[in-house]
> 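Got a structure for you, questions after.
Only this structure's heavy atoms are used, side chains among them; waters, hydrogens and symmetry mates stay out. So you know, we letter chains A, B, ... as the sequences are listed, proteins then strands, and number each from 1.
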2 protein chains.
Amino acid sequence: MTWDLTADRPIYAQLIEQLELRICSGTYPPGSRLPSVRDLAQEASVNPNTMQRALARLEEDGLLYSHRTSGRFVTEDAELIRKTKNKLAHEQVQEFLQRMKDLGFEYNEILSIITDIAEELIK
Amino acid sequence: MTWDLTADRPIYAQLIEQLELRICSGTYPPGSRLPSVRDLAQEASVNPNTMQRALARLEEDGLLYSHRTSGRFVTEDAELIRKTKNKLAHEQVQEFLQRMKDLGFEYNEILSIITDIAEELIK
DNA sequence: ACTACTGTATTAAGTACCTAATACAATAAT
DNA sequence: ATTATTGTATTAGGTACTTAATACAGTAGT
């Protein structure tokens, strides 16, 4: 998975989201050690301060913890990760349905559009 | 429909999106006249310059046109509006599916989650 | 003719974000 | 012991966004 950053939103916010994704999807497994702030920053072509800011936020949420000199680790609380994953998924669905509704689509139309596009992706 | 603005993204970008929604959903019908820049800005609690910036962008896309002194109007090109609506819908679905996939969900799971939440919304 | 309203442009100031360049204390590795 | 690496903190500078305060030209309504 690569770092996908856009100019139209604060970088630190995008980093938070993508780090969450990596934790919730298991890319960074529970208890595993993350690359150092400096390495992560270089990976993402971002200033270490900006990466640090994102990491600090995930630490507030309990998804990460740091040992001052040995590095930073993913929580071993699998239940927290599961809850976070479900929360994020729920938010994604809610926002998606709301936007489609704002665009003027009915629920039936939304389902059929999703089905169509998903079939394209599969074939 | 009210103006929903968040601090975590540029306001002008959010205005562009919400104006697009109003045009594509028919809230602002084809050929209709929009409130003045100043009025729209006041509605949204935003500086007229910021609203102007968003409107200028929609003008570039052909969704709006302005008569220098009589006001600003929605295009009468219904086909353009339809295409824009479909483009936006397609983008929404693509982004949504991508994020759910990044979170670690399979297509079947996504469909079932959507169905569950949609049923909640209906009942 | 006059008034009010239209879109548009300009300038200045404040704020948030991002980067760069350091620095420091703690500890793992040697 | 020494060295390298860790997270963390600080300072300064640049950029983009937003607001505020104007100003101007064109035109519809009176």
Side-chain angles (χ1 to χ4, degrees), chain A residues 2-20 22-23 28-76, chain B residues 2-20 22-23 28-76:
Chain A
T2 90
W3 295 94
D4 177 29
L5 297 175
T6 310
D8 70 342
R9 292 174 56 209
I11 295 180
Y12 82 97
Q14 299 180 58
L15 293 177
I16 290 174
E17 287 178 5
Q18 295 188 28
L19 287 166
E20 277 177 337
R22 291 174 183 221
I23 294 170
Y28 296 148
S32 66
R33 182 181 179 282
L34 264 61
S36 74
V37 185
R38 294 168 178 80
D39 286 349
L40 281 173
Q42 194 169 24
E43 266 186 39
S45 303
V46 150
N47 189 278
N49 294 332
T50 308
M51 183 60 76
Q52 165 76 19
R53 181 174 177 178
L55 293 167
R57 167 60 179 280
L58 295 190
E59 218 157 304
E60 287 177 18
D61 297 340
L63 288 175
L64 298 178
Y65 64 94
S66 55
H67 284 166
R68 177 157 185 97
T69 60
S70 60
R72 190 178 260 109
F73 302 84
V74 177
T75 180
E76 285 145 16
Chain B
T2 91
W3 295 93
D4 178 30
L5 299 175
T6 310
D8 69 341
R9 291 174 57 210
I11 294 180
Y12 82 96
Q14 300 180 57
L15 292 177
I16 290 173
E17 288 178 5
Q18 295 188 28
L19 287 166
E20 277 177 338
R22 290 174 184 221
I23 295 171
Y28 295 147
S32 66
R33 182 180 179 281
L34 263 62
S36 74
V37 185
R38 294 169 178 82
D39 286 349
L40 280 173
Q42 194 169 24
E43 265 187 40
S45 303
V46 150
N47 189 279
N49 295 330
T50 308
M51 183 60 75
Q52 164 77 19
R53 181 174 178 179
L55 293 167
R57 166 61 178 280
L58 295 191
E59 220 157 303
E60 287 177 19
D61 297 341
L63 288 175
L64 298 178
Y65 64 93
S66 54
H67 284 165
R68 177 157 184 99
T69 61
S70 61
R72 190 177 261 109
F73 302 83
V74 177
T75 180
E76 284 145 18

> Under 4.0 Å: is that the gap between some side-chain N or O of Thr69(A) and OP1 or OP2 of dA25(C)?
no
> Can you tell me how far CD1 of Ile16(A) sits from CD of Glu20(A), rounded to the nearest 0.5 angstrom?
7.0 Å
> Has Ser66(B) got a side-chain N or O lying under 4.0 Å from the OP1 or OP2 atom of dG7(C)?
no
> Side chain of Asn49(B), heavy atoms from C-beta onward: which of dC17(D), dT19(D), dA25(C) has the nearest atom to it?
dT19(D)
> Under 3.5 Å, is there a donor-acceptor pair between the side chain of Arg57(A) and the main chain of Tyr12(A)?
no
> Where the side chain of Tyr12(A) is concerned, which of dA20(D), dC17(C), dT8(C) is the nearest nucleotide?
dC17(C)
> Ignoring backbone atoms, establish whether Arg53(A) has a side-chain N or O less than 4.0 Å from OP1 or OP2 of dC17(C).
yes
> Please check the phosphate of dC17(D) (OP1 and OP2 only) for any side-chain N or O of Thr50(B) closer than 4.0 Å.
no
> For atom CD of Gln42(A), decide whether the heavy atoms of other residues, nucleotides or ligands shown that lie under 6.0 angstrom number more than 12.
no
> Hey, are Trp3(A) and Gln18(A) close enough side-chain-wise for a donor-acceptor pair under 3.5 Å?
no
> Does the base of dT8(C) carry an N or O that pairs as donor and acceptor with the side chain of Arg38(B) under 3.5 Å?
yes
> So which nucleotide from dA26(C), dT8(C), dT19(D) ends up closest to the side chain of Arg68(A)?
dA26(C)
> Starting from the 5' end of DNA chain C, give me the residue, Ser45(A) or Ser70(A), whose nearest nucleotide shows up first.
Ser45(A)
